[in-house]
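In what follows, a structure is listed as C-alpha cells, so that the remarks can point back to it.
Counting convention: from 1, in listed order, for ligands and their atoms alike.
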Amino acid sequence: MFVLHIALQGCLRAQDVEYGLTADTGGHIRYLLDLVTASRRNAAIDRIEIVTRAFHHMAYAECYAEPVETIDGTTRIVRLATASADYLVKEDLWTEHDSLVDALVAHIDALDRRPDVLHAHYADAGLVAARVSARSGIPYVFTAHSLGRVKRAAFDRDCAETAGLDRRIAIEEEAIAGAAAIIASSRDEAEVQYAGYDAYDPGRIRVFAPGSDLKQFADSARDPRVEATIDRFLDAPDKPVILAIARPVTKKNLAALVHAYGRSLALQATANLVIFAGSRDDLTTLEPEIRDNLAELLQLIDRYDLYGKVAYPKTHRPDDVAAIYAHARARRGVFANPALNEPFGLTLLEAAASGLPVVATDSGGPNDIVETCGNGILVDPRSPGAITDALLAILSDPALWDRYAAAGSVAIKAYDWDRHVALYAELLADVVDGATTATAQPDLLLVSDIDGTLIGCAESVVDFASWHSAQVDVAFAIATGRSFHSAMAVLGQHDAPRPEILITSVGSEIYYRAYRGAVYDRDAEWEAIIAAGWDREAVAALIADQGGLVPQAALEQRRFKLSYFADGDRDAGERVRALLAAHGHSCSIIQSHGRYIDILPHAASKGTAVEHVRRRLGLAPRQVIVAGDSGNDIEMLRSARHAIIVGNYSDGLAARADLSHGYVAVGHHARGVLEGVVHFREGVADTSAGTLKAS
Ligand code: GLC
Ligand code: MG
C-alpha cells in the first residue's frame, strides 16, 4: 500500500524537528513522524510520502524550501511550491487551498505509482484531501489533531478569534464529510469533540490510541535532588504521596484537589499532597491565568492551614518527571488528575507506566486509560468528596494499591505505535478495497449483550470467536448500554469478533458494518423514528431539579440517552416514571444492575431496535436469537421469540413470567450464549418453528 500523508503546518522535517520554533510546529508533527516510522515496519505499507508546503523564510532553515527530503528508499517528504513562497501560520493557510490542490493533483499525476490512500492531518490538509480525492478518486482518511469547535467552546468570548475559528470549522466540516474514515486518539475525541459537527458520523470514526514513549517510566529511578525539592516542604516526608503534575490553568482544576485534601483530616493523616504546577520565576510576571490559579492554590493551602503537608516545588525540569513518579511510587502514593476535561491524558499514561495507581477525572481520555488498564478510579472532578473517597479507598487498601500499581503496565503495551499501525494498516486496507465487497443475506441474526453476557470470561470469548469464524450465514450483532466507541473498545480489548451490527446506547443508536468492516453506517432512519416526542433538554432539566439522581459521566450522555446512577434505590425507576409522566413526558426508563437508570425516547429500547434491524434485514422472527443477562436486556428478551438468559444473569431475569419462553443457560457468559444457540438452532432451521419451549 502506498500512503500519501498531507500535513501543511509548521516546520516539518524528518530529523531534529525544531518543536516550538513556530506555534504550529507542535505535537501533530511528532505524531505524524512516529506514525510514519512505525508504518515503515509494517509489511502492508510499502511506500510513504509526506506532502507539505515549501516556504522560504529568513528566520527558518533552508531545508523547508527543499522539494524533496529522502528518508529511505520507500519514504520521503515532498514540499510543494504554492502561490505564496512565504511561511504561513495555520490561520492563513486557507489562502493557499486552491493552489495546494492544483499542486498536489499535478504531483500525483507525475508519480510513477498512484497512492492508494491519502491521510490528511489537521483541518486545511483535510480540505485539500477532500478536493484532491474528488478529482482523483483516491480515498482519504482524516486526523484532526485538534478541533476548532472545541477551541471555540473554550474561547467563546473572543470575537477576533471567533471569525477565524468559524472559517476553520467550515474547513473541518468539509474534511469530515468526505473522509472514508476518521482516526481519533480517544473516545472523548470520537464521541464528544466531533459530536458538534454537522457531518458527525460516529460509525466512520475509529479510535486508535497513539503510541507514547512509556518504557522509560517503567523502571524510572528516584533522584535525591528531585526528592529534596519535595521533602523540604513536609513535616513527615515518608508518608504516601498524592501527586499531581499539571500546568496551573483553570481547566486542570488543581484547586479541587486542595479542597479535597484540606477538608479531609483522614486524608491529611494518611498522605502528603505534592503538586508540580509547572515552573515559575516571579509570580507577578506570569500570564494572568497561571498567576491567578497559583494564587488560588497558595491561598487555599493557607486557608486550610496545610503547611508541612503540601509540597509545591517552584521548578522542575522536563527530565525530572520520571523521577517524580518514581518517588511517588516508592512512597506508595496515588497520582491525581482532577481536570474538568482531559482530552487525552498523557500524565495518566506516564503514571500508569510508572506503576502508580490513579484517581482521574471521568471527563475525556482518562475513561479509555482506566478502562484499558484497570489502574485506578474515575471521579467527578467537580466533587471534592468523590476525589477524597477515591484517594482514601486506594491509600487505605494495600491489596488494591498493589493491584492498580501492577495493572498500569498494560499501558505500555496498549499505547504502542506498532500496535496502532497494525490497526491502522487494517483500516487503510479496508478503505482501499472498500466498495467492492457486498454482504451476503444472513440466515440467522444473533444479538448478544456485551457486559455480563458476551464478555466476562476470557476463555469463553475465545470459544465464541472460533465458533463465529466458522459461521457463514450468521449476522452477529451486539446490543449494549455502552456507546458505539465504548463498545468497539471493549470488544477489541477482549478479542471478541467484530460485529456486523451494533445496537448501542441501550437501543437508541444502530450501526451497520460497511465496506469490509473498516467503518460503520449509522441508521438515520431509526433515529428519525425514535426522535418523535423526545424532549431531551426538558427531561434532563426535570431530573436535575426533582429527580434526585446522580448523572453518569458526560461521555455516557447521548442525544437519545440520559443516564444516571441510582445506587441501591430500587424504586428510582418508578419514581422517575411518575415524575416524567406528571409533566407529560412518555419515555422508556430502564434500570439495570440496581445501579443504572437510562432514560430514552419512548420508542427506543434494545428490543425495539432489534425488531427494527430484523425487518431491515428482511428476516422472520424465527431467524433471530437474542442473549442477555440483566435489566437493560429485558425488553429485548421479552420481545424475541428465541431468548437466551445466560447462567450468570441478574435482576431476577429467570424468575420473570414475561421471560418464561426464554432458555436459561447453564453456562455463564459467552459459553451460555453458545449453549443457547445450539438449543435454538434447529428451531431456526425449521420453517414451521415458533413453538420452542424453554428447557
Ligand atoms: C452501560 C452504559 C451506561 C448505562 C448502562 C446500563 O454501562 O455505559 O451508561 O447506564 O450500560 O444500560
Ligand atoms: Mg449486560
Item to check | Nearest-neighbour protein heavy atom for atom 11 (O) of ligand 1, which is reported as residue plus atom name and distance | outcome: Gly481 CA, 3.5 Å
Item to check | Identity and separation of the nearest protein heavy atom to atom 8 (O) of ligand 1 | outcome: Glu556 OE1, 2.7 Å
Near [X], which atoms of ligand 1 are under 4.0 Å from a heavy atom of that residue?
| X | value |
| --- | --- |
| Ser563 | 9 (O), 10 (O) |
| Tyr596 | 5 (C), 6 (C), 10 (O) |
| Val506 | 12 (O) |
| Lys561 | 3 (C), 9 (O) |
| Asp598 | 4 (C), 6 (C), 10 (O), 12 (O) |
| Asn632 | 6 (C), 12 (O) |
| Ser592 | 6 (C), 12 (O) |

Item to check | Pairs involving residues 608-638, ordered by first then second residue, that meet ring pair (Phe, Tyr, Trp, His ring centres under 6.0 Å) (sequence neighbours left out) | outcome: Trp526-His612
Counting only N and O atoms by type, is there a donor-acceptor contact under 3.5 Å from the side chain of [X] to the main-chain atoms of [Y]?
| X | Y | result |
| --- | --- | --- |
| Ser588 | Ala604 | yes |
| Ser363 | Leu340 | yes |
| Asp629 | Ile645 | no |

Next on the checklist: Regarding Glu509 and Tyr511, do their side chains bring together a donor and an acceptor under 3.5 Å, going by distance alone?
Outcome noted: yes
Checklist entry - Would you say the side chains of Ser586 and His602 form a donor-acceptor pair under 3.5 Å? => result yes
Checklist entry - Are Phe476 and Phe464 close enough that their ring centres sit under 6.0 Å apart? => result yes
Checklist entry - When the aromatic ring centroids of Tyr520 and Phe484 are compared, is their separation below 6.0 Å? => result yes
Checklist entry - Is the shortest distance from a Lys or Arg side-chain nitrogen in Asp368 or Arg187 to a carboxylate oxygen in the other one below 4.0 Å? => result no
Checklist entry - Among Gln591, Gln552, Lys606, which residue places a heavy atom closest to atom 9 (O) of ligand 1? => result Gln552
Checklist outcome for this item: Listed as residue and atom, the protein N/O/S atoms under 2.8 Å from the Mg ion (ligand 2) are Asp449 OD2, Asp451 O, Asp629 OD1
Item to check | Candidates Glu191, Arg558, Gln557 - the one meeting side-chain hydrogen bond (donor to acceptor under 3.5 Å, both in side chains) with Ser483 | outcome: Glu191
Checklist entry - Going by the angle between their ring planes, with limits at 30° and 60°, are His642 and Phe680 parallel, tilted or perpendicular? => result parallel
